[in-house]
Amino acid sequence: MKGEKEVIEESSTKTIRILSLFEMLNRGEFINKKEAAERFNVSEKTIHRDLKEINIYYSKYKYNTLVNSIVYSRVEKGYFLRLGIHRGI
């Protein structure tokens, strides 16, 4: 069973990882799951879940008329942030 300190550290590490990924996307960087997993010492599946959570945030967050989403580029072999225009009524 994990102690309180270990749970706090794990939560803090997750927060830092997700915010780091978020910042990378906002800077226009491509995120390769394997490289990100190695960098943050987690599994590729964990990075995939993190990107999915960030994408949910982007889908709900609209600044003026922009709708952001994370998409995969086969050419770059990584994920990136695509900016789009919300055309809702």
Looking at side-chain heavy atoms only, is the closest gap between [X] and [Y] below 4.5 Å?
{"X": "Glu44", "Y": "Arg49", "answer": "no"}
{"X": "Arg17", "Y": "Ile47", "answer": "yes"}
{"X": "Ile31", "Y": "Phe80", "answer": "no"}

Of the non-hydrogen atoms in [X] and [Y], which two are nearest, and what is the gap between them?
{"X": "Ser20", "Y": "Phe40", "answer": "CB-CZ, 3.7 Å"}
{"X": "Ile54", "Y": "Leu21", "answer": "CD1-CB, 3.8 Å"}
{"X": "Leu51", "Y": "Ile70", "answer": "O-CD1, 3.4 Å"}
{"X": "Tyr79", "Y": "Leu25", "answer": "O-CD2, 4.1 Å"}

Glu38 side, atom CD; Ser43 side, atom OG - distance, nearest 0.5 Å: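 OG of Ser43 is found 12.0 Å from CD of Glu38.
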Inter-residue atom distance Asp50.CG - Lys33.NZ, 0.5 Å rounding: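 Rounded to the nearest 0.5 Å, the CG-NZ separation comes to 11.5 Å.
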Candidate pair Tyr72 and Phe30, rule ring pair (Phe, Tyr, Trp, His ring centres under 6.0 Å), full reasoning: CA-CA 9 Å; Tyr72 182 78; Phe30 285 88; 9.4 Å; no
Step-by-step side-chain contact (heavy atoms from CB on, under 4.5 Å) determination, Glu53 to Lys14: CA-CA 12 Å; Glu53 286 185 35; Lys14 179 179 180 181; 3.7 Å; yes
Ion pair Lys77/Glu35, N-O distance below 4.0 Å: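 Glu35 and Lys77: not salt-bridged.
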Neighbour count above 12 (heavy atom, 6.0 Å) for Asn26 CG: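 Buried by this count: over 12 neighbours within 6.0 Å.
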